[in-house]
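Right, one structure below, let's go through it.
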Amino acid sequence: MGADKYILRVEDIHKAYGDREVLKGVSFNVRKGETKVFIGPSGTGKSTLLRCINQLTLPDQGRVFLNDEEVTNSGTRINYFRQKIGMVFQNFYLFDHLTAVRNVEVALLKVKKMDAAAAREKALEELRRVGMEDWADHYPAELSGGQAQRVSIARALAMDPDVILFDEPTSALDPELTREVLEVMKNLARQGMTMLVVTHEMGFALSVANEVLFMEHGKVVERGTPAQLLNDPAFTRTKNFIGKFRDYNEE
Amino acid sequence: MDTFVFLTTILLPALFDGLIVTLELIATAAPFGLLAGIGVAVGRTYGSRWISLPLRGYVAFIKGCPLLLLLFILYFGLPSIGIRLSPFLASVIGFIFCNSAYNSEYIRGALLSVKEGQMIAAQALGMSRWQSIRYIILPQALRRAIPGMTNEFIYLIKYSSLAFMITAVELTGAGKLVATKYFLFNETFVVIAIVYLFLVTVTTVAANMLEKKFAVPT
């Protein structure tokens, strides 16, 4: 696959809940190794968009392609695509009855059918990658929010996904814990992981993203590189939005 | 007759034979009651209408039908349509119906109490719905259902005595036969009560150990 080829294509996604249109035709393409960050006011469909990509939410209209294979309407093959499209959730959703290492290895064993020793080794390796190896035998309830989120990132990484979707990964965390999770995510971006991130962390968006997409009312209103969004006078709404955060965050 | 002689040479040997039958009844019925209970609970919680509705009817029927009546139907009623069951088999089948219906309610409650995010996260990893239930949801639900299912197991120990009503000579039945023959009711029934108490106590202790073993920090 050429470097300029798209790893993920999202075409014209629509989703409505009853009368309420949450997504009104969202399209974008992602190259390997890119980090795209979705920002915008709450309730504008950003999380729904991510869930439409791995079909946890079924879009009413529109198509998603991973490596030119259609993810939408793929029947039971969706379970294959979901292995290739990792997901990290706002509330971690670690499996409560499994220790950290078993959280990471359970899908390797049951979905990828790896043998026990190889799965364990891989799980520990991924925990090491997020700095959680020493916590391998702890249960989710024994972890801080930041630690739990790092384990959930390791769990997504273990499947060797082509792309990882981050759905507000730090929104449930205090600033201290947010930092440790963002640090892990920055490293992943640097290592060339392809990532789609919904977040309110403007600092992260501006420093890590290849492209920032500003969404409002179910549509991508403005999009561009962080430099464009900050310097180009055309991006008024994004700047306005970021400005509001700046007022709060600048010390 | 000397009470001691009665106990050691007549009552206890008879009760021992009965106890063996009681234990066989329980040991045969309980595993199937558990498995069927899981199946009914999963079917009702995650199955389509065509699965969940009949299962709902099954549970409603069993809950509404006295177990003794169910045993009578199985043992005395079925031969009229050509199905002859031994007293033991009819009892076991009746117990499985009863045990599974009640277990399924405990398990169903526990399944519903597992947070929605667990299923979402499992599916996001590429697990099928069945794999998600099997490896993520059920292990959590069964842990929470242990106290309820223990209760049901204790009931099973005690309602196994109903087998005597369809001529399976289990613990209570064996005692009743001896008591009637020797006219020593109090002695006999007190000993039987102690045996049941012992079985229930062992069950309670074992269930506590099981609960501890599978406990997860919360």
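Nearest heavy-atom pair, B/G18 versus B/A174, reported as atom, atom and distance to 0.1 Å: CA-CB, 4.0 Å. Of all heavy-atom pairs between B/A124 and A/L56, the closest is CB-CD1, 4.1 Å. Across B/A163 and B/L71, no two heavy atoms sit closer than the pair N-CD1, 4.3 Å.
Separation of the B/F95 and B/Y159 ring centroids falls under the 6.0 Å cut-off.
When heavy atoms are compared at a cutoff of 4.5 Å, A/L165 does not approach chain B at all. When heavy atoms are compared at a cutoff of 4.5 Å, A/F95 approaches chain B by way of both its backbone and its side chain.
Here B/L25 contributes atom CG and B/L171 contributes atom CG; the two are 10.5 Å apart, rounded to the nearest 0.5 Å.
Sequence neighbours left out, the pairs with a member in residues 35-46 of chain B that pass side chain to side chain donor-acceptor pair (under 3.5 Å) are B/R44-B/E105.
When each of A/L109, A/L94, A/I78, A/V88 is scored by its heavy-atom pairs under 4.5 Å with chain B, the top score falls to A/L94.
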Using side chain to side chain contact (heavy atoms under 4.5 Å, CB included), reason through A/F89 and A/L50 one step at a time and then give a plain yes or no. CA-CA 10 Å; A/F89 301 91; A/L50 288 194; over 6 Å; no
Taking 3.5 Å as the threshold, show me the donor-acceptor pairs across chain B and chain A, one per line with distances to 0.1 Å.
residue	atom	partner	partner atom	Å
B/K115	NZ	A/D96	OD2	3.3
B/Q118	OE1	A/D96	N	3.3
B/Q118	NE2	A/L94	O	2.8
B/Q131	NE2	A/K110	O	3.0
B/Y135	O	A/H97	NE2	3.3
B/Q140	NE2	A/H97	ND1	3.2

